[in-house]
Amino acid sequence: MQAVAGIDIYSDTLRYAEVQGSGNGPYQLLRLGSCDFEFDIAHEMLHQDEPDYADVMTDALEDVFAGTEADTLRVAFHPTDVYTFFTPVSAEASDADRQHRLEDEAALLADAPSTDALHLTSEPVRTDSLADGRQVEWTHVLAMPRLVQDHFAEVMDHLPHTSYEWALTSRGAARVAEWTDRQTQDASAAPYTLVIGRYPDHAEYVVLKDGTWYFSYHAVTRSSSDCAYYAVALLDRLDIPFDAVEHVQTYGLKVEAADLDPLTSILETAPESLDPLAIVGLGANDVPAGVHPESYVPCIGVTL
């Protein structure tokens with residue numbers, strides 16, 4: 001079975017996982033852990049023209065993945081650190097036209113001098129039919145400056161993996177939530193699941209419809225009430241009735257149930273913690289001391 005590694009960097013911590021499996025599982029956890037640095041590793045790699053400590057990150061990853069069975073390493077980026085958006089593209093567009101369209105939109109969003117200044121990763125998420133019968137593919141795009149791509153490429157070139165890919169933390173959360181939904185499938189349930197990632201400086205929102213990724217969003221949050229406010233605003237923007245939300249799930253680093261009390265009252269649905277370790281067969285008693293499963297949702301999710 002194929003093994004895939006994943007990492008997630010936020011502030012001064014790098015979390016990593018390696019998972020073996022294929023399709024819908026079963027999955028086996030091969031490694032899991034974190035590296036704490038004495039500096040903001042995310043800022044170094046993502047927001048510095050010339051990172052001072054890239055070699056420190058390289059050394060840490062070489063040590064972490066010594067003896068790895070994974071050929072592919074996926075890096076999960078938080079939406080506050082890259083450019084990310086959803087856009088409809090004609091289902092009849094050629095690959096070249098589709099790419100040009102996405103590049104132009106990304107350059108406009110990033111205020112980039114040219115499309116060559118960005119590296120794009122894209123994924124069709126769902127297909128919609130327009131009133132005139134034409135079909136469009138809603139496509140998710142992750143764009144990063146070429147300079148950042150080069151920073152990570154230099155690190156990855158020292159690692160044993162033969163390929164590396166970029167992903168969004170929200171995408172990782174969607175994969176974990178999709179697996180969770182499959183385990184609790186109920187034909188009579190409301191169609192939507194709302195997943196909220198809580199971090200000290202922002203919140204990430206993922207919407208699933210009928211158990212599959214539908215949309216993602218993020219917002220800078222300065223108070224606990226902000227988190228609930230933006231969740232309600234997102235549902236309103238997507239024309240999702242409150243009673244159409246069956247589950248509310250959480251992940252991240254700053255998950256406090258009380259923060260979502262206003263949302264619980266509105267949706268009449270109590271939030272549940274996303275547990276990525278259940279995917280790899282670990283029960284509550286198997287979780288290593290000091291490991292908070294919610295914080296590993298992105299790096300495990302991108303391996304699935």
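Predicted, not measured: the structure shown is a model, and the values here were computed from it. Reckoned from all heavy atoms, side chains included, excluding hydrogens, waters and symmetry mates.
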Is any side-chain heavy atom of [X] less than 4.5 Å from a side-chain heavy atom of [Y]?
| X | Y | result |
| --- | --- | --- |
| V141 | E105 | no |
| I7 | F65 | yes |
| E18 | V4 | no |
| T87 | W138 | no |
| T193 | V245 | no |
| L61 | V155 | yes |
| V75 | E165 | no |
| Y16 | L14 | yes |

Heavy-atom neighbours of [X] [atom1] exceed 12 at 6.0 Å:
| X | atom1 | answer |
| --- | --- | --- |
| D150 | CG | yes |
| R134 | CZ | no |
| D95 | CG | no |
| Q183 | CD | yes |
| H43 | NE2 | yes |

Legend entry - Test side-chain contact (heavy atoms from CB on, under 4.5 Å) applied to V232 and F242, step by step: CA-CA 9 Å; V232 172; F242 295 155; 3.8 Å; yes

Which distance, rounded to the nearest 0.5 Å, do you find between the [atom1] of [X] and the [atom2] of [Y]?
| X | Y | atom1 | atom2 | result |
| --- | --- | --- | --- | --- |
| S122 | E103 | OG | CD | 9.5 Å |
| S114 | D104 | OG | CG | 11.0 Å |
| I279 | T180 | CD1 | OG1 | 5.5 Å |
| Q2 | T303 | CD | OG1 | 10.0 Å |
| C227 | L260 | SG | CG | 5.0 Å |
| D36 | I41 | CG | CD1 | 11.5 Å |

Test your reading of the model: is there a side-chain donor-acceptor pair from [X] to the backbone of [Y], 3.5 Å cut-off?
| X | Y | answer |
| --- | --- | --- |
| R31 | V64 | yes |
| T162 | D71 | yes |
| T68 | A70 | yes |
| S265 | D261 | no |
| R15 | L32 | no |
| Q20 | Y27 | no |
| R182 | G211 | no |
| H151 | M45 | yes |
| Y10 | F77 | no |
| T212 | K209 | yes |

Inset, instruction - State plainly whether the residues E123 and R171 are in salt-bridge range, i.e. N to O under 4.0 Å. - result: yes

Inset, instruction - Check the pair D128 / Q135 against side-chain contact (heavy atoms from CB on, under 4.5 Å), numbers first and verdict last. - result: CA-CA 6 Å; D128 278 349; Q135 290 193 319; over 6 Å; no

Inset, instruction - Taking the six-membered ring for Trp and the single ring otherwise, decide whether the centroids of Y53 and F37 are under 6.0 Å apart. - result: no

Inset, instruction - Would you sort out whether L274 and Y296 count as a side-chain contact (heavy atoms from CB on, under 4.5 Å), showing the intermediate values? - result: CA-CA 10 Å; L274 265 184; Y296 284 89; over 6 Å; no

Non-hydrogen atoms of [X] and [Y] that approach each other most closely:
| X | Y | answer |
| --- | --- | --- |
| L46 | V148 | O-CG2, 3.5 Å |
| V297 | A173 | CG1-CA, 3.6 Å |
| T221 | Y230 | CG2-CD1, 4.1 Å |
| A190 | A244 | CB-O, 3.2 Å |
| L194 | A231 | CD2-CB, 4.1 Å |
| W213 | L208 | N-CG, 4.1 Å |

No-hydrogen, no-angle side-chain donor-acceptor test under 3.5 Å, [X] and [Y]:
| X | Y | value |
| --- | --- | --- |
| D40 | H47 | no |
| S273 | E294 | yes |
| T13 | S34 | no |
| D59 | H158 | no |
| Y251 | E204 | yes |
| T80 | H218 | no |
| W166 | Q149 | yes |

Count I, L, V, M, F, W, Y as connected when their side-chain heavy atoms are under 4.5 Å apart, and connections chain through other members. Are [X] and [Y] then in the same cluster?
| X | Y | value |
| --- | --- | --- |
| Y229 | L238 | yes |
| W179 | V207 | yes |
| V125 | F85 | no |
| V206 | L142 | no |
| V82 | V302 | no |

Legend entry - Positive for side chain to side chain contact (heavy atoms under 4.5 Å, CB included) with L102, one of D97, L118, L120, T121: L120

Inset, instruction - Could you check L159 against E62 for side-chain contact (heavy atoms from CB on, under 4.5 Å), going step by step and ending with a plain yes or no? - result: CA-CA 6 Å; L159 303 182; E62 284 184 314; 3.7 Å; yes

Legend entry - Working for salt bridge (charged side-chain N to carboxylate O under 4.0 Å, His left out), residues R98 and E137: CA-CA 10 Å; R98 180 189 306 269; E137 288 184 338; 2.8 Å; yes

Inset, instruction - Sort out for me which residue in Y217, Y83, F86 forms a ring-ring contact (aromatic ring centres under 6.0 Å, His included) with H140. - result: F86

Inset, instruction - Taking the six-membered ring of Y214 (Phe, Tyr or Trp), confirm whether the NZ or CZ of R126 is under 6.0 Å from its centre and within 45° of its axis. - result: yes

